[in-house]
Every structure is written in structure tokens, then in C-alpha cells.
Asker: 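My structure is below; once you've seen it, I'll send some questions.
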Amino acid sequence: MEDFLAPRRLLLGPGPSAVHPRVLRAMSTPLIGHLDPMFLGVMNDIQTLLRRVFATVNPFTIAVSGTGSAGMEAAIVNVIEPGDRVIVGINGVFGTRLATVIERCGGKAIRVDVLWGQVIEPDSVAALLQQSSPVKAVVLVQAETSTGASQPIEPIGAMCRQHNTLLIVDAVTSLGGMPVEVDRWGIDVCYSATQKCLSCPPGLAPLTLSNRALSVVKTRRSPCHSWYFDLSLIADYWAEQSRTYHHTAPISMIYALREALRLVEEEGLPARFVRHQLNSRALVAGLTALGFSPLPPPDRQLPTLVCVTVPTHIDEAAVRAELLRRFGIEIGGGLGPLKGKVWRIGLMGESSTEANVLTLLNALEEIGIRSGWVSTPGAGLQAAAHTYSVGR
């Protein structure tokens with residue numbers, strides 16, 4: 001069998017994003033034991049850096065061994081018990097998955113369904129909190145990866161505190177690319193993934209719990225039905241005072257996450273958020289000039305993932321295939337009811353650059369000219385360039 005040589009790709013899909021060479025070098029660091037004092041120091045560094053990205057002082061801030069879906073599962077199975085009533089916002093694939101996990105835990109999912117591309121309005125949550133009391137938790141996806149919609153969180157956090165209800169937030173496609181204010185917004189459980197805006201390979205799920213969420217975990221009526229994701233056990237591995245063995249941590253991935261978080265720290269979160277916002281606006285301007293329209297309303301569009309509807313006269317799958325084959329550019333198609341109708345274009349972390357925006361628009365224009373659906377060469381590039389010129 002021959003050696004595998006990965007092709008050069010421009011990763012502009014919904015994940016993974018591009019990875020900085022420093023992060024790749026960190027992964028080649030020699031292994032040490034997962035209970036080695038030096039490695040435990042690396043874990044301490046990660047906790048400190050994650051607290052800054054999550055904007056929290058929560059002592060329980062860790063990286064779960066597994067992808068973002070592991071973070072999702074850990075968040076739900078530790079908090080939700082049989083019979084618990086849980087309000088869950090469903091405006092895309094990942095809200096739907098959360099409802100499924102809640103029900104598998106024996107919880108009662110009180111669904112707030114809205115059209116894909118829309119967001120869950122705070123007033124809808126407020127009404128359900130009044131009608132459905134007691135409610136154990138409200139669960140929301142801040143950045144719905146399947147639609148590009150940005151969910152408001154802060155007003156709902158205040159409501160949850162008034163009703164003694166936990167707030168659980170999926171920040172998989174937002175952490176490190178747009179504000180995630182765990183303490184200020186009153187979020188009790190927040191999880192993410194390394195391969196999106198943190199620009200680290202997939203394999204870890206940052207997770208933070210407030211003290212009141214941790215109290216719920218520790219006073220459950222029944223044991224957590226997942227041993228691997230039992231946070232009452234994992235807590236002792238990450239706690240500096242105990243360091244009780246739970247499982248063998250993915251050492252190389254921990255190295256990688258530490259370096260990725262150092263890069264975030266060096267850039268600074270405010271500058272990072274501005275960069276993501278500007279590149280997103282430029283891409284939306286360019287795509288709009290080419291005839292594509294964003295799925296979410298203007299004030300609800302993510303800066304980390306652009307989701308646009310594709311006109312029916314364009315074979316969206318064929319264009320995506322040509323982008324990959326001829327240009328080495330990856331973008332994502334739609335999921336569920338949006339399959340064949342939208343493109344999902346990720347501008348996350350290292351992938352969020354002006355050069356990448358212009359490269360993608362140039363490739364789309366070339367394909368569009370050859371296929372006949374672009375009549376004004378340069379329109380997309382000019383619109384993006386204008387956005388950059390006035391946005392700085």
C-alpha cells in the first residue's frame with residue numbers, strides 16, 4: 001500500500017477549517033504520559049485559555065475527548081434525567097439532534113420549531129417558561145451550522161435565571177469567531193468543537209459548566225447513563241487537586257488545542273471578531289452580486305458561516321464538485337430539507353481571510369461565465385472589494 005498524500009484544499013466548508021502550521025507542529029511533539037506532571041501543566045494552560053475564550057470564570061472548564069457531538073452529548077446526558085422538561089429551540093439540524101438526545105435521556109423535549117434560517121424569538125421562550133413550569137433547562141444553538149442563523153442568547157439567559165432554569169448553549173460554530181459571553185449572558189452549560197473557529201483538528205470539545213450546573217450534575221437522582229461522558233468522574237481528572245485517572249486523554253490533540261488557543265490569545269478576541277465580521281460581509285456582498293441570497297435575515301446572519309440559497313437554474317452540486325476538482329476549494333451543500341437548495345460557506349478561524357473570499361468569488365465567476373449564469377464578469381469581486389475598502 002502506498003503512502004497517503006493529502007491533496008491541498010482550501011477549506012471553506014462548514015468544517016473543518018484550515019489549521020495554522022504552528023498547530024500542526026505542536027501535534028508532532030513527542031508523547032508523554034497523560035498523568036505526567038508536565039502534561040498536567042498543559043491541561044492547566046488549556047483551562048486558563050478556554051476560560052478567556054468562553055468569557056467565564058467557571059472552574060469547570062475542560063476539553064472533552066471527542067468531537068463537537070461528544071460535547072453535545074456530555075452536556076445533555078449529565079444534566080437531563082428521566083421526566084425532566086426541557087425547552088429546545090429547533091431551527092435546523094443541530095436543534096433537532098439536541099431534541100433527540102434529550103428524549104433518549106428520558107427527558108420531555110418541549111420543541112420550539114421555526115422555519116430553518118430563522119431564530120428562536122426570546123418572547124416564545126418566555127411564554128413557554130410560563131406555561132410549562134417547572135422546566136429543567138432551555139437548550140439553544142447559538143450558531144446553527146445548517147442554516148447560518150445567529151441565535152440571540154443574552155435575553156434568554158436572564159429569563160432562565162428568573163425561572164431557576166438552566167441554559168445550555170451549543171457554541172460549536174461560534175466559539176472563537178464571534179462573542180460567546182458565558183458569564184455575562186447567564187449560560188450554565190456551553191460546549192463547542194476544536195475544528196471550527198479555533199482552527200484545530202477535530203477531536204476535542206471545549207465545555208464549561210457554571211457552579212449551579214455542576215451542582216445539578218453532582219446531585220442527580222440517578223447515575224449518568226454514560227460512563228465515558230460522566231462529568232462527575234471527568235471533573236476529578238481535570239481538577240488540579242485530584243487528577244484521578246478516568247481515561248487516556250488524546251495527548252497530541254491536547255498539544256494542538258493549547259497552541260491553537262495561544263494563537264487566539266495573540267490575535268485577541270476583539271480583533272478576531274472584527275476579522276470574521278468583515279470577511280463575512282464581503283463574501284455576502286460578492287455572492288449577492290452573483291445572484292445568490294442569504295438564507296437568514298440580514299440581522300441574523302453568522303459571521304462564521306454564510307448560508308445562501310442557490311437559484312434553481314444553477315446545478316449547485318455540479319458547481320461544488322467543479323470547485324473541488326478544478327480549484328481545490330471545498331464548500332458545503334445543504335442538509336435535510338435544504339439539501340440541493342443552499343450552499344454553506346465557512347469563514348472560520350484560519351480560513352477567514354480576504355484572500356480566501358476573493359479566491360472563492362473568482363472561481364465562482366469563472367464557473368458562472370463558462371456555464372452562462374454570470375453575465376457581468378467581475379461583479380462579485382468588485383462588490384467584495386468595495387466592502388473591504390469601506391469596512392476598514
Side-chain angles (χ1 to χ4, degrees), residues 14-15 60 62-114 116 120 124-125 128-129 131-147 151 156 160 163 165-173 187-193 195-196 202-210 212-235 246-247 335-337 339:
F60 191 95
I62 68 169
V64 174
S65 300
T67 61
S69 296
M72 174 184 69
E73 189 128 346
I76 300 301
V77 301
N78 280 274
V79 171
I80 306 307
E81 297 190 65
D84 286 342
R85 299 165 66 83
V86 184
I87 295 172
V88 55
I90 300 176
N91 58 344
V93 165
F94 296 95
T96 305
R97 288 187 185 179
L98 281 160
T100 298
V101 177
I102 289 164
E103 290 167 349
R104 289 191 180 192
C105 292
K108 176 176 174 52
I110 304 170
R111 299 168 59 108
V112 187
D113 286 280
V114 299
W116 285 29
I120 313 302
S124 301
V125 177
L128 279 173
L129 282 169
Q131 299 166 10
S132 306
S133 182
V135 173
K136 181 71 166 289
V138 171
V139 183
L140 297 168
V141 179
Q142 183 188 16
E144 179 51 76
T145 316
S146 62
T147 67
Q151 172 67 42
I156 296 172
C160 289
H163 289 267
T165 297
L166 296 177
L167 176 57
I168 302 174
V169 172
D170 176 315
V172 166
T173 307
I187 300 172
D188 292 291
V189 182
C190 191
Y191 63 88
S192 187
Q195 76 274 16
K196 305 277 190 170
L204 290 171
L207 171 72
T208 187
L209 269 65
S210 70
R212 73 178 193 142
L214 194 56
S215 176
V216 167
V217 171
K218 292 182 175 180
T219 57
R220 288 175 58 95
R221 303 183 301 272
S222 58
C224 176
H225 74 250
S226 170
W227 180 90
Y228 186 74
F229 292 129
D230 187 338
L231 297 180
S232 65
L233 302 176
I234 296 173
H246 179 262
H247 67 280
L335 300 175
K339 184 175 182 180

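As the structure is a prediction and not an experimental result, all values here were calculated from the model. Throughout, residue positions are numbered sequentially from 1 according to the sequence presented.
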Asker: List in chain and number order the residues that pass side-chain contact (heavy atoms from CB on, under 4.5 Å) with Ser133, two or more places apart in sequence or in another chain; answer none if no residue qualifies.
Answerer: none
Asker: Determine the minimum heavy-atom distance between Ser232 and Asn78, stating which atoms define it.
Answerer: N-OD1, 4.3 Å
Asker: Report the distance from atom CG of Leu231 to atom NE2 of His246, rounding to the nearest 0.5 Å.
Answerer: 9.0 Å
Asker: Apply salt bridge (charged side-chain N to carboxylate O under 4.0 Å, His left out) to Arg111 and list each qualifying residue two or more places apart in sequence or on a separate chain.
Answerer: Asp113
Asker: Ignoring hydrogens and geometry, is there a side-chain-to-backbone donor-acceptor pair from Lys196 to Pro202 under 3.5 Å?
Answerer: no
Asker: Is the side chain of Gln151 donor-acceptor paired with the backbone N or O of Ile120 at a distance under 3.5 Å, no angle test?
Answerer: yes
Asker: The criterion is side-chain contact (heavy atoms from CB on, under 4.5 Å); which residues satisfy it with Ala109, sequence neighbours excluded?
Answerer: Val88, Ala99, Ile102, Glu103
Asker: Taking all heavy atoms of Ala193 and all of Gly68, pick out the closest pair and write down the distance.
Answerer: CB-CA, 3.7 Å
Asker: Give, for atom CD1 of Ile90 and atom CG of Leu140, the distance between the pair rounded to the nearest 0.5 Å.
Answerer: 10.5 Å
Asker: Drop me the distance from Ile168's CD1 to Ile76's CD1, to the nearest 0.5 angstrom.
Answerer: 4.0 Å
Asker: If a pair satisfies side-chain hydrogen bond (donor to acceptor under 3.5 Å, both in side chains) and one of its residues is in residues 135-147, list it, with sequence neighbours excluded.
Answerer: Asp84-Lys136, Gln142-Ser174, Glu144-Ser146, Thr145-Thr173
Asker: Ser226 vs Glu73, test: side-chain contact (heavy atoms from CB on, under 4.5 Å). Steps then yes/no.
Answerer: CA-CA 9 Å; Ser226 170; Glu73 189 128 346; 5.8 Å; no
Asker: Tell me, do Thr208 and Phe60 make a side-chain contact under 4.5 Å, heavy atoms counted?
Answerer: no
Asker: Going by salt bridge (charged side-chain N to carboxylate O under 4.0 Å, His left out), name the residues that satisfy it together with Arg104, two or more places apart in sequence or in a different chain.
Answerer: none
Asker: On a heavy-atom basis, which atom in His247 and which in Ser65 lie closest, and how many Å separate them?
Answerer: NE2-OG, 2.8 Å
Asker: Using a 3.5 Å distance criterion without hydrogens, assess whether the side chain of Thr165 forms a donor-acceptor pair with backbone atoms of Val135.
Answerer: yes
Asker: Partners of Arg97 by side-chain contact (heavy atoms from CB on, under 4.5 Å), sequence neighbours excluded?
Answerer: Ser69, Met72, Val93, Phe94
